[in-house]
There are 2 protein chains.
Amino acid sequence: MPTIHDVARQAGVSASTVSHVINRTRHVREDTRLRVLHVMDELGYQPNRLARSLRSRRTHTFGVLLPNSANPFFAQVLLGIEAESYDCGYSTILGNANDEPDRELDYIDILLSKQVDGILLVSTGAYRQALDLLTARGIPVVMIDRSPGEEYDDFAIDTVLTENAQGGLLATRHLLALGHRRIACISGPIRLVPSARRVTGYREALAEAGVPLDEGLIVAGDFTHESGYRACRTLLARPEPPSALFVCNDLMAVGALCAIHEAGLAVPEHISVAGFDDIPLASFTVPRLTTIAQPAEEVGRRAVRLLVNRLSAPETPSRHERLPVRLVERDSCGPFRGANV
Amino acid sequence: MPTIHDVARQAGVSASTVSHVINRTRHVREDTRLRVLHVMDELGYQPNRLARSLRSRRTHTFGVLLPNSANPFFAQVLLGIEAESYDCGYSTILGNANDEPDRELDYIDILLSKQVDGILLVSTGAYRQALDLLTARGIPVVMIDRSPGEEYDDFAIDTVLTENAQGGLLATRHLLALGHRRIACISGPIRLVPSARRVTGYREALAEAGVPLDEGLIVAGDFTHESGYRACRTLLARPEPPSALFVCNDLMAVGALCAIHEAGLAVPEHISVAGFDDIPLASFTVPRLTTIAQPAEEVGRRAVRLLVNRLSAPETPSRHERLPVRLVERDSCGPFRGANV
DNA sequence: CTGAAAGCGCTAACAC
DNA sequence: GTGTTAGCGCTTTCAG
């Protein structure tokens, strides 16, 4: 591979001139500029960005840490992150924590030593340690989907969150408006803030409507198809099964749909199901899923924009974006028609 | 951030000694080793891998280029790539081509100038140009899922493919064995080799069984839910609709399931559906999807292993892995019960 | 077993 | 408008 010196020699100028042509960092006489460009082209010169980064202390690379990039919701967020990063001239190094906090921390070390310019983090649970590592280095971080809460305001970290509680509220209100009273909830892992907030919304809606809450109607899953399937079976086996389900993510809702079908019941005739996320699949389930839409891709893009902004203005106070959710009515929720089975 | 010189000074040794302690590149007296280790720990020293890479010409980073990381099949492959890379001490830079060949080529340039040690490529279609860029640089490449064909054997590129034709054969034979004769096929984009191979398997199975092929029963989708939905509607609207469907990927099969349900027909009573990929969701559709399983995650892991091997033995002749597929029988295929509708 | 010196390819400060 | 110089932080000969 030719170096910048090869180009310089060939074009009869100094390396710094070539550098300035490449980076438009100061004026170069038009004819020399063209000559340099021509030589670059001729030699097939590609700058070594490693060397450039070492010197300029900018790698134009972000680290992206996710619990699991194959989860459709995160996959969509990742799509937004990658797309916006590309548009802004950044590359993305991807790391999956696989829900193992240790792995998350290990990745943070790796990313830091690779000198990434910033990190986009959906933390698996090691909030405190992760943020300690990060802020010790003073590297910009945007936390996505999950935040450590107000206690961490001093960390000056940007966040992009969605209105989880509002989503739980909207979904449950919708079910109530359809006449349902025994509304169950399949939650995500309780330790996760977004999941907890969705359940909060659910509780609020019930309280608002004066419907007493049967705690046995809340069962926890872990955001996978399988867990939604199992939780739903548990619910159906109860002496007084619910007539509607608010499921805290679409993956589990799909599992629930499957369990209901296998139990010989119909959606929405016997049971209504509302999900959360509006993953692309949700438009094609049987029946099509009514759900709370989160702008996943936009979440990713916003996060990147925050990061890019912070790099150009490091001293800005931390910014917290909260994106709205909305109810998408499809075919999985119907009016209450009396206790089933 | 402390540098290796800070550590050296503090420990009273030379930088090269510290380097050797870190990289175990030659023996160091036990007590000095411990002292160095201690100082490193004390200062919270983290090597700057940029500098290291510039010098050693190894970045321990792979580039991963996919058509779309949110497609569940690729998402699963990516999971395998990321996991195995991590296990082997590599990071992964992710790039989505979004089915735009130009973007794929642009990403290749970026990855090369970031000096990645190798590239894992699921090409969007710019095979020839992509490989030209890559081989000109002599950088190791593993092509996944799609290969340019025998004509490119001189490029000495490793590949990991799956038995696509065999999959088409197995699925169609299964449908035939259930008594179906009018079996339609929803293919992927014709220009893509894997899709074409699956259709080849489908044709072979029909020929094998002496069932004449009605070309009108083959309709092309583009591997998305939506296209499967539309293709299925087209098929159902035909004067003599098929009694079974072989759909070239699960995403489209899900779309087909939805279309069939909306047409008031039942699976598998009226129509049988077989998919391809066995994405995680396939176990939870309504009804559960019979499909051809590809070991997606393993595909990713194998690809990384090939790359790692090649880095340690660059002169090895190119290796081509072909992973087997298998039929997973679930609930979406049933015996032929006479013409439907 | 250890140290000194050179240099990976680039950019930035300073001269002219 | 252009060139010279130094050096980012590390590894790797080469000496000892």
Side-chain angles (χ1 to χ4, degrees), chain A residues 1-37 39-40 43-61 89 109-117 137 139, chain B residues 1-37 39-40 43-61 89 109-117 137 139:
Chain A
M1 280 287 90
T3 73
I4 200 171
H5 285 104
D6 298 329
V7 175
R9 193 175 321 117
Q10 190 83 9
V13 294
S14 73
S16 60
T17 301
V18 176
S19 172
H20 289 123
V21 168
I22 296 172
N23 303 306
R24 304 163 182 288
T25 165
R26 72 187 185 196
H27 276 286
V28 173
R29 217 195 316 136
E30 190 58 12
D31 58 330
T32 18
R33 205 180 69 85
L34 289 174
R35 188 151 31 90
V36 167
L37 252 25
V39 172
M40 279 172 50
L43 299 184
Y45 171 71
Q46 267 189 320
N48 181 325
R49 300 199 193 206
L50 232 49
R52 172 185 294 183
S53 296
L54 180 61
R55 184 67 241 243
S56 66
R57 296 169 169 289
R58 275 289 169 90
T59 53
H60 281 265
T61 303
D109 270 346
I110 295 172
L111 293 173
L112 288 177
S113 73
K114 293 213 169 177
Q115 315 294 121
V116 295
D117 291 341
R137 268 282 290 268
I139 185 178
Chain B
M1 280 287 90
T3 74
I4 201 171
H5 285 103
D6 297 330
V7 175
R9 193 175 320 115
Q10 190 84 9
V13 294
S14 72
S16 57
T17 301
V18 176
S19 171
H20 290 125
V21 167
I22 294 172
N23 303 306
R24 304 163 183 288
T25 165
R26 69 188 188 196
H27 275 287
V28 173
R29 219 198 311 137
E30 190 58 13
D31 60 328
T32 18
R33 204 180 70 85
L34 289 175
R35 189 150 30 89
V36 168
L37 253 25
V39 172
M40 279 173 49
L43 300 185
Y45 170 71
Q46 268 188 320
N48 180 327
R49 301 199 192 205
L50 234 48
R52 172 184 295 186
S53 296
L54 180 60
R55 185 65 240 244
S56 66
R57 298 169 168 288
R58 275 291 168 89
T59 52
H60 281 264
T61 304
D109 270 346
I110 295 173
L111 292 174
L112 288 177
S113 74
K114 292 213 170 177
Q115 314 294 121
V116 296
D117 291 341
R137 268 283 290 267
I139 186 180

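By convention in this document, chain letters (A, B, ...) are assigned in the order of the sequence lines, proteins followed by strands, and residues within each chain are numbered from 1. Heavy-atom basis, side chains included; hydrogens, waters and symmetry copies ignored.
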Mind checking the CG-CG spacing from L111(B) to D117(B)? Nearest 0.5 Å is all I need.
11.5 Å
Close residues, residues 51-59 of chain A, relative to DNA chain D [heavy-atom separation under 4.0 Å]
L54(A), R55(A), R57(A)
Please name all residues satisfying ring pair (Phe, Tyr, Trp, His ring centres under 6.0 Å) with H20(A), sequence neighbours left out, ordered by chain then number.
none
Q115(B) side-chain N/O to N48(A) backbone N/O, donor-acceptor pair under 3.5 Å
no
Sequence neighbours excluded, the answer for salt bridge (Lys or Arg N to Asp or Glu O under 4.0 Å) partners of R29(B) is D31(B)
For the helix from dC1(C)-dG16(D) to dC16(C)-dG1(D), what is the angle between the axes at its two ends, each from 5 pairs, rounded to 10°?
40°
Sorted by chain and number, sequence neighbours left out, side chain to side chain contact (heavy atoms under 4.5 Å, CB included) with S53(B) holds for L50(A), T59(B)
Going 5' to 3' along DNA chain C, which nucleotides are the first and last within contact of chain A (any atom under 4.0 Å from a heavy atom)?
dG9(C) to dC14(C)
Answer yes or no: is there a side-chain heavy-atom contact under 4.5 Å between M1(B) and L112(A)?
no
Exactly one of P47(B), S16(B), S19(B) clears side chain to side chain contact (heavy atoms under 4.5 Å, CB included) with I4(B), and that residue is S19(B)
Can you name the residues that form a side chain to side chain contact (heavy atoms under 4.5 Å, CB included) with D6(A), not counting sequence neighbours?
P2(A), T3(A), R9(A), L43(A)
Side chain to side chain contact (heavy atoms under 4.5 Å, CB included) partners of R49(B), counting only residues at least two apart
I110(A), S113(A), K114(A)
When you measure from every atom of DNA chain C, which of residues 20-35 of chain B have a heavy atom less than 4.0 Å away?
R26(B), H27(B), V28(B), R29(B), T32(B)
Can you list everything that forms a salt bridge (Lys or Arg N to Asp or Glu O under 4.0 Å) with R35(A)? Sequence neighbours excluded, please.
none
Residue pair A8(B) / A15(B): nearest heavy atoms and the distance that separates them
CB-N, 3.6 Å
Going by number, which of residues 9-19 of chain B have a non-hydrogen atom under 4.0 Å from DNA chain D?
S16(B), S19(B)
If you apply the rule side-chain contact (heavy atoms from CB on, under 4.5 Å), what do you find for V36(A) with V28(A), and how did you get there?
CA-CA 10 Å; V36(A) 167; V28(A) 173; over 6 Å; no
Start and end of chain A contact along DNA chain D [non-hydrogen atoms, under 4.0 Å]
dG1(D) to dG9(D)
For the atom pair CD (Q46(B)) and CZ (R137(A)), what is the distance rounded to the nearest 0.5 Å?
5.5 Å
